[in-house]
Amino acid sequence: MPTYTPPLRDMQFVMHELLNVTESLKVIPQHAEIDADTINAVLEEAGKFASEVLLPLNISGDAEGCSLDPKTHDVTTPKGFKEAYAQYVQGGWPALSCDPEYGGQGLPLVVNQCFYEMMNSANQAWTMYPGLTHGAYASLHTHGTDEQKQTYLGKMVSGEWTGTMCLTEPHCGTDLGLMRTKAEPQADGTYKLTGNKIFISAGEHDMAENIIHLVLARLPDAPPGIKGVSLFIVPKFLVNKDGSLGARNGIYCGGLEHKMGIKASATAQIVLDGAIGTMVGQPNKGMQGMFVMMNAARLGVGNQSLGLTEVAYQNALAYAKDRIQMRSLSGPKAKDKPADPIIVHPDVRKMLMTAKAYAEGGRALEIYCSVLLEQVHGHPDEKVRKDSDEMLSLLTPIVKAFLTDNGWQATTMCQQVFGGHGYIKEWGMEQFVRDARINMIYEGTNTIQSLDLLGRKVLGNNGATLKKFGKLVGALVMEEGVNEKMAEFINPLAYLGDQMTKLTTEIGFKGFQNADEVGAAAVDYLRVAGHLVFGYFWARMAQVALREIAAGNTDPFYAAKLQTARFYFSRLFPETASLMRTARAGSKALMETDLALA
């Protein structure tokens with residue numbers, strides 16, 4: 001069975017030494033009193049919940065899966081899931097970073113971010129049940145009426161009720177303009193919704209007494225396409241005026257998907273049969289509210305792969321130190337044993353270090369984004385709020401796509417470290433691989449994220465936001481450009497920053513003549529952008545480590561961080577050269593393939 005140790009030391013390094021989050025947050029009124037000790041203490045307890053309560057349920061939950069009673073439409077989650085959720089609620093964990101007005105604890109989002117990374121490492125499938133609720137909460141908190149907030153948010157913050165997002169339909173995935181679910185206005189101001197949704201994570205379960213579905217549907221007079229979509233609250237049980245539960249609503253689970261991974265997460269086919277709902281926001285403006293939830297989900301999916309990368313790495317590292325096979329090419333290392341531990345072999349180290357570098361780089365990026373999100377919602381300076389929103393908008397598709405691509409690569413490599421044992425269920429590695437695969441698909445496939453990044457976030461404003469990130473890179477280059485000890489990190493970063501500008505300009509000019517040129521380059525472009533972002537954070541982490549070492553700090557943590565930075569820049573960062581070449585290859589070899597694809 002896999003083991004898991006919460007990476008608290010590295011989280012503390014990123015928060016307090018790299019990003020100094022407490023100082024950044026203190027200018028936000030509700031976090032004026034926050035301090036590092038409080039954050040550390042909360043996360044230490046959070047780590048215990050993840051490793052002691054959730055981890056033991058991961059393999060068993062995967063084996064058992066969820067079951068549907070076709071007569072009652074009730075879904076039963078695997079053994080222990082409901083009890084773990086009760087502990088989660090009793091501990092006050094759902095309220096961690098929620099608004100105190102609705103019963104939340106008001107802690108910074110970065111605390112919730114780190115908590116969810118740990119829960120994703122321990123049990124991604126279980127974590128999806130409370131995870132969807134946070135997105136629904138954010139959407140209603142931003143776009144709900146006062147009455148809707150008073151009715152739903154308190155129960156969602158406490159964890160008594162959970163939430164979902166109901167978008168996808170059998171004929172309609174990312175292209176939400178094709179959806180057919182109907183919403184008929186009623187005399188009392190409510191709506192009756194009829195239609196079918198699929199792939200609804202946590203769409204039905206036995207862990208909470210009510211489920212608050214956020215559903216996209218069309219009004220009778222709605223214009224065609226995405227501009228004719230409205231957003232509705234559709235609870236599993238109707239809610240009476242006094243807050244008590246009323247009659248069972250006309251929304252139920254018609255089937256469960258049989259999946260490759262995250263088998264303990266109920267992925268439901270949802271039937272709406274005259275279900276009563278109330279509108280969120282304005283008619284035909286439903287995507288405004290849903291995008292709040294979708295963007296939160298995209299950051300969350302990146303966090304899922306970050307969690308899997310970390311736990312896969314930890315287990316592969318332990319195995320590589322223990323498993324003996326053959327001798328080191330440079331001579332025996334464990335002379336008292338008949339063979340050496342496989343960690344002495346260069347390729348095993350490459351696989352382990354790839355996972356480690358992607359986990360630690362991803363953690364820095366996710367925590368940075370959580371600070372940006374906090375600034376978007378609470379910073380007193382309007383310019384900071386706007387700049388943070390633009391930067392977060394640029395980074396969100398990178399978080400979703402780059403971290404999940406890396407997670408798939410890392411979990412596969414860590415499985416490979418186990419050799420034949422990695423293919424056997426009891427070790428848990430094959431589950432990490434299966435679970436990681438969905439993260440590249442849902443919440444907008446990684447191709448969609450690439451098109452969003454290049455087409456909307458970069459070319460859509462002529463590279464203005466990309467230039468803002470470029471200024472961060474430029475400032476670091478100016479600060480450390482003459483420091484010889486930083487040259488191995490700064491020089492390749494500066495070079496890529498310059499090449500990124502040229503690449504963007506080239507694709508932009510070609511795209512004006514033929515939009516397929518953007519589509520042909522987008523996936524490779526996002527990966528180059530991901531390395532630019534990771535390179536920036538890895539250079540900054542190396543900078544902190546070098547300063548600590550120069551100051552006489554002998555903690556091996558800093559030397560290890562420096563070694564990982566060197567590995568990243570020498571072994572992973574150079575991938576950008578081939579990616580830029582394929583991004584420049586154009587669309588012709590892709591689109592002129594009618595005979596090949598006949």
Discussion item. Looking at Ser244 and Asn240, would you say the former's side chain and the latter's main chain have a donor-acceptor pair under 3.5 Å?
Written reply: no
Worksheet item: Should the pair His141 and Tyr102 be assigned to parallel (<30°), tilted (30 to 60°) or perpendicular (>60°) ring geometry?
Response: perpendicular
Discussion item. Any salt bridge linking Asp387 with Lys383? Criterion: basic side-chain nitrogen under 4.0 Å from a carboxylate oxygen.
Written reply: yes
Worksheet item: Would you say the side-chain atoms of Asn303 and Gln113 include a donor-acceptor pair closer than 3.5 Å?
Response: yes
Worksheet item: Quick one: do Glu390 and Lys457 make a salt bridge, cutoff under 4.0 Å?
Response: no
Worksheet item: Without hydrogens or angle criteria, can the side chains of Asn461 and Thr465 be said to hold a donor-acceptor pair below 3.5 Å?
Response: yes
Practice prompt. For Thr127 and Met119, indicate whether the former's side chain and the latter's backbone hold a donor-acceptor pair under 3.5 Å.
Written response: yes
Item to complete: For Asn295 and Thr396, test the side chains for any donor-to-acceptor distance below 3.5 angstrom and give the result as yes or no.
Response: no
Worksheet item: Does a donor on one side chain and an acceptor on the other come within less than 3.5 Å for Thr76 and His205?
Response: no
Worksheet item: Can Asn406 and Arg527 be counted as having a side-chain donor-acceptor contact under 3.5 angstrom?
Response: yes
Worksheet item: Should the pair Arg434-Asp62 be classified as a salt bridge under the 4.0 Å nitrogen-to-oxygen rule?
Response: yes
Worksheet item: Are Phe232 and Tyr191 close enough, and set up right, to give a ring pair (Phe, Tyr, Trp, His ring centres under 6.0 Å), and what steps lead you there?
Response: CA-CA 8 Å; Phe232 301 87; Tyr191 297 81; 5.1 Å; yes
Item to complete: Report yes or no: do Lys400 and Asn446 form a side-chain donor-acceptor pair below 3.5 Å?
Response: yes
Worksheet item: Are side-chain N/O atoms of Glu374 and His31 paired as donor and acceptor at under 3.5 Å?
Response: yes
Worksheet item: Side chains of Asn40 and His16: is there a donor and an acceptor less than 3.5 Å apart?
Response: yes
Item to complete: Begin with the C-alpha distance, continue with both residues' side-chain angles, and end with the deciding distance and a verdict on side chain to side chain donor-acceptor pair (under 3.5 Å) for Tyr252 and Gln269.
Response: CA-CA 8 Å; Tyr252 60 88; Gln269 302 166 14; over 6 Å; no
Worksheet item: Does Arg180 come within less than 4.0 Å of Glu169, counting only side-chain N to carboxylate O?
Response: no
Fill in: Under-4.0 Å salt bridge between Lys155 and Glu160
yes
Worksheet item: Would you call Glu310-Arg363 a salt bridge at under 4.0 Å N-O?
Response: yes
